[in-house]
Student: 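One structure is given below, represented as structure tokens, and several questions about it will come after.
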Amino acid sequence: MVKSKTEYKLRIPSQTENLELIRAFVGLVANKVGFSEDDIGKIELATDEACTNVIKHAYDPKDQKALDVAIQIDYQKFTVLVTDHGKGFHPDEIKIPDMKEYLAELRVGGLGIYLMRTLMDEVDYKIRPGLSNQVRMVKYFIDKDDSQLVQKRDRK
Amino acid sequence: MVKSKTEYKLRIPSQTENLELIRAFVGLVANKVGFSEDDIGKIELATDEACTNVIKHAYDPKDQKALDVAIQIDYQKFTVLVTDHGKGFHPDEIKIPDMKEYLAELRVGGLGIYLMRTLMDEVDYKIRPGLSNQVRMVKYFIDKDDSQLVQKRDRK
Amino acid sequence: MSNFQVKRSDEDQLSSLRVAGFLDAHTAPILEREIQKLLDEGRFQILVDFADLGYISSAGLGVFMGFIEQIRTNGGDIKMCRMNTKIYRVFDLLGFPTLYDIVDDLETAREKFFQTSLNKGSQDNQK
Amino acid sequence: MSNFQVKRSDEDQLSSLRVAGFLDAHTAPILEREIQKLLDEGRFQILVDFADLGYISSAGLGVFMGFIEQIRTNGGDIKMCRMNTKIYRVFDLLGFPTLYDIVDDLETAREKFFQTSLNKGSQDNQK
Ligand SMILES: Nc1ncnc2c1ncn2[C@@H]1O[C@H](COP(=O)(O)OP(=O)(O)O)[C@@H](O)[C@H]1O
Ligand SMILES: Nc1ncnc2c1ncn2[C@@H]1O[C@H](COP(=O)(O)OP(=O)(O)O)[C@@H](O)[C@H]1O
């Protein structure tokens, strides 16, 4: 059903008012390739979280630039790439919260990257500050929950 | 409500199965800037017709390439640019049908460009065969039906 | 996965096609095949019910234009009903209402067929 | 033009917020303002009705986390009801059901408030 390698790209202003459009974009493409409602919801949410981070953290608020969302589809996986051209950050220094502690301490914020990692099969960052900062999120067409991929998903 | 100059870009494979996504894209952005349901429907249909032409006519069917849809918004107008990198054509040689004759002769096809010109305030082509072929369609935020713009809309 | 469906129902000589979803260049071939099948079976009285159609482009209009000549040559017709205003506006913009009977409800559309087929011995005038 | 709404209704000490549409980083401030207003009025018993909510992201969850401490310190609570499965899944994924009462229907949610406020002299137990 899916062509050998297909790409969909969206470039829009980095503004929260465009999150709805971003979700519609990834949702329609995910639906087209045959994901379940459940998986479509996960892909939409993970992409929203990645884009919300760009909108909130990547640029100086008075200097809003473009936000890029690309989808790459091959025979085995659906890849979402969210790219900004902002200041970048150190993904390794971001502490992924322990949810028990988080809730016990009534903390606020800091759930985005945790959600992305929980919702998608693979999540990694390629940071080149000032040039481009990219998060890559992958969902496989066949659920590999009980294969070797689990280790990737569970890394801290 | 609308920022000074804003751009939205979509790049997708040139396939009819993506028309729905294209309509959702322009429809959501048109809704965001405050067009009426009626105008949103017109912009969606005109964009669909322009993209359908790219998909049907621009490329060799066994060599499907990318289709670009861009939206530019300034304080007075909403511009849709549909660009292909295919063989191009001579827009001046395309006869816009006289609908009375068309219907009397039970003709088929050839309604796309006619519809685009009827639905939008301005439609023009910039053809550079092999490089890029672009149709530019404009809808003004204030209906200028009884101003000097009518002459543009009515040209053959 | 396609957001377009046609549901066919036959009632004596009349075939009704209830279309639903989006009718564009991607889905027009589905409707085309359905109408071609009717013609292959010698059924030329075709009522298209637009009640559940949300969108139509010129590719959809083209399907009707592509068959109407053959259908009328065979003493049949395509009649249309229950378009929402958005769909009707597209037909209207192109002057299609001068070429096709487009009516509000199913009952009126059926009656129009029975009127036209009266002289061919309609036994279906009970209702 | 925003696809999110909150409808508030007060009933004795209890304030219900019925949220509708999409709750994301764009619309979360709308809900935030509405809850802040309740706290400014000294109303700390808050029932959130998710029946018409179609989507929530972490920005939406953050609104509840941002107020819960202040609300509980003041003897109040946020209780939630009528989430569709998609919304509930997000709360569940993060373990929120250990922190918030999330129940199926409005009646159960109201009863939970009356139970907790019994010792503060609830005169609202007629029904
Ligand atoms: N695209 C980005 N550009 C700059 N910083 C980012 C980006 N994405 C994430 N971050 C950093 O990672 C942190 C954690 O992100 P997240 O888990 O989504 O929580 P939150 O956004 O609520 O802080 C952010 O606070 C921010 O410092
Ligand atoms: N992007 C394009 N690339 C090449 N040819 C095009 C393009 N757009 C339009 N054309 C030409 O213009 C003609 C008229 O287009 P249109 O009015 O939409 O009717 P139709 O597509 O049904 O023929 C097409 O038949 C085609 O030859």
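Order of the sequence lines sets the chain letters (A, B, ...), proteins ahead of strands, with each chain counted from 1. The shown structure was predicted, so the numbers you read here are calculated from the model rather than taken from an experiment.
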Student: Tell me, for C:V63 versus chain B, whether the close heavy atoms (under 4.5 Å) come from the side chain, the backbone, both or neither.
Tutor: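 When you check distances to chain B, no heavy atom of C:V63 falls under 4.5 Å.
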
Student: One pair to check against side-chain contact (heavy atoms from CB on, under 4.5 Å): B:D48 and C:Y55. What are the steps and the verdict?
Tutor: CA-CA 11 Å; B:D48 174 325; C:Y55 177 80; 2.8 Å; yes

Student: Is there a side-chain contact between B:M99 and C:F96, using heavy atoms and a 4.5 Å cut-off?
Tutor: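 B:M99 vs C:F96: side chains touch.
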
Student: Tell me the closest heavy-atom pair linking C:L93 and B:Y114, and the distance in Å.
Tutor: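 That would be O-OH, 4.3 Å.
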
Student: With a 4.5 angstrom heavy-atom cut-off, which part of C:T85 approaches chain B: side chain, backbone, both or neither?
Tutor: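 Interface part for C:T85: neither.
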
Student: Quick one: pull up CG in B:L115 and OG in C:S57 and give me the separation to the nearest 0.5 Å.
Tutor: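 Here the interatomic distance stands at 8.5 Å.
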
Student: Enter the distance from C:D24:CG to B:I22:CD1 here, rounded to the nearest 0.5 Å.
Tutor: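 C:D24 CG to B:I22 CD1: 9.5 Å, rounded to 0.5 Å.
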
Student: Please classify the contact between B:R23 and chain C as side chain, backbone, both or neither, with a heavy-atom cut-off of under 4.5 Å.
Tutor: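 For B:R23, the contact with chain C is made by the side chain alone.
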
Student: Contact part of B:I55 toward chain C, heavy-atom cut-off under 4.5 Å: side chain, backbone, both or neither?
Tutor: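 Nothing of B:I55, per the 4.5 Å heavy-atom cut-off to chain C.
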
Student: Quick check on B:L45 against chain C: is it the side chain, the backbone, both or neither that has a heavy atom closer than 4.5 Å?
Tutor: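 Both backbone and side chain.
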
Student: Tell me if the CD atom of B:E7 is crowded by more than 12 foreign heavy atoms within 6.0 Å.
Tutor: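 Enclosed.
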
Student: What residue in B:L103, B:L119, B:V108 has the most heavy-atom pairs under 4.5 Å with chain C?
Tutor: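 With the most close heavy-atom pairs to chain C, the winner is B:L103.
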
Student: Can you confirm whether C:R89 sits close enough to B:K42 that some side-chain heavy atom of one is under 4.5 Å from a side-chain heavy atom of the other?
Tutor: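 A side-chain contact exists here, since the closest heavy-atom pair is under 4.5 Å.
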
Student: Hey, does C:L94 have a side-chain heavy atom less than 4.5 Å from the side chain of B:Y102?
Tutor: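 Of all side-chain heavy-atom pairs linking C:L94 with B:Y102, none is under 4.5 Å.
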
Student: Is B:D38 paired with C:K86 through a side-chain N to carboxylate O contact shorter than 4.0 Å?
Tutor: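 No, this pair does not count.
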
Student: Please check if the side chain of B:E49 supplies one atom and the backbone of C:S58 the other of a donor-acceptor pair under 3.5 Å.
Tutor: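 Looks like yes, one N/O pair under 3.5 Å.
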
Student: Look at atom CG of C:D104 and say whether more than 12 heavy atoms of other residues, nucleotides or ligands are closer to it than 6.0 Å.
Tutor: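 No, the 6.0 Å shell around CG holds no more than 12 heavy atoms from other groups.
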
Student: Which one of C:T27, C:L99, C:I68 has the most heavy-atom pairs closer than 4.5 Å to chain B?
Tutor: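 Counting heavy-atom pairs under 4.5 Å, the top option is C:L99.
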
Student: Decide if atom NZ of B:K87 counts as having more than 12 heavy atoms of other residues, nucleotides or ligands within a radius under 6.0 Å.
Tutor: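 Yes - once you tally the heavy atoms of other residues, nucleotides and ligands closer than 6.0 Å, there are more than 12.
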
Student: How far does CG of B:L106 sit from CD of C:E69, to the nearest 0.5 angstrom?
Tutor: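 The CG atom of B:L106 sits 5.0 Å away from the CD atom of C:E69.
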
Student: Closest approach of B:E20 and C:N3, non-hydrogen atoms and distance?
Tutor: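 B:E20 and C:N3 have their closest heavy atoms at OE2-ND2, 2.8 Å.
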
